[in-house]
Amino acid sequence: MKGEDRIIELLTEQLGRQDTLIEEVRELKIQQQQTNQRLDRLEQQQAQTNLAIGELRLSVMRLAEAVERLNGLEHRVDAIEQQLRRAS
């Protein structure tokens with residue numbers, strides 16, 4: 001009887017541990033789902049950020065072209081002014 005009681009006691013403890021492990025696994029699954037949702041949001045934000053960076057890059061390139069054109073015009077105006085000064 002004592003042996004059987006001990007076996008029952010050990011089995012009861014083991015079942016309690018298994019219940020605890022099952023609960024921990026459930027909590028981990030919930031945490032994993034939450035992490036996956038956050039990761040999905042981050043991926044969407046990253047895609048939007050990448051698009052915005054692309055647009056900014058294009059804007060900077062256009063601005064650089066405009067600055068180059070203005071710089072060219074400034075040189076042309078300087079040359080014309082120098083010619084006018086020489087002519088006068």
Side-chain angles (χ1 to χ4, degrees):
M1 283 286 206
K2 287 186 179 183
E4 290 175 359
D5 290 342
R6 180 67 182 145
I7 291 173
I8 291 173
E9 183 181 331
L10 292 172
L11 287 174
T12 303
E13 287 177 17
Q14 190 64 27
L15 286 175
R17 289 183 190 141
Q18 285 179 350
D19 288 342
T20 301
L21 287 174
I22 289 171
E23 185 58 34
E24 288 175 0
V25 168
R26 285 184 185 142
E27 289 174 12
L28 287 173
K29 284 182 179 180
I30 291 170
Q31 289 176 357
Q32 183 181 16
Q33 289 172 347
Q34 291 171 344
T35 301
N36 288 342
Q37 290 171 351
R38 284 187 222 132
L39 182 59
D40 288 342
R41 285 194 305 269
L42 285 173
E43 287 174 344
Q44 291 172 359
Q45 288 176 350
Q46 185 64 47
Q48 292 173 348
T49 300
N50 289 344
L51 286 174
I53 288 171
E55 291 173 7
L56 287 172
R57 185 178 294 140
L58 182 59
S59 296
V60 168
M61 290 172 59
R62 287 181 181 159
L63 181 60
E65 290 173 0
V67 167
E68 285 180 28
R69 274 185 270 133
L70 286 174
N71 192 28
L73 289 174
E74 182 180 354
H75 288 300
R76 289 171 58 190
V77 168
D78 285 344
I80 292 170
E81 286 176 347
Q82 287 176 3
Q83 287 177 359
L84 289 174
R85 284 188 203 122
R86 284 185 218 145
S88 26

Approximate separation, where rounding is to 0.5 Å, of [X] [atom1] and [Y] [atom2]:
| X | Y | atom1 | atom2 | result |
| --- | --- | --- | --- | --- |
| L73 | D78 | CG | CG | 11.0 Å |
| D19 | R17 | CG | CZ | 12.0 Å |
| N71 | R69 | CG | CZ | 12.0 Å |
| L51 | L56 | CG | CG | 11.0 Å |
| E74 | E81 | CD | CD | 9.5 Å |
| L15 | I8 | CG | CD1 | 11.5 Å |

Is any side-chain heavy atom of [X] closer than 4.5 Å to a side-chain heavy atom of [Y]?
| X | Y | result |
| --- | --- | --- |
| Q33 | N36 | no |
| E27 | I30 | no |
| R6 | E9 | yes |
| T35 | Q32 | no |
| E65 | E68 | no |

ask   = Would E43 and L39 satisfy side chain to side chain contact (heavy atoms under 4.5 Å, CB included), going step by step from the backbone distance to the final call?
value = CA-CA 6 Å; E43 287 174 344; L39 182 59; 4.1 Å; yes

query = Hey, are N50 and Q46 close enough side-chain-wise for a donor-acceptor pair under 3.5 Å?
reply =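 Their side chains do contain a donor-acceptor pair, which is all the 3.5 Å distance test asks for.
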
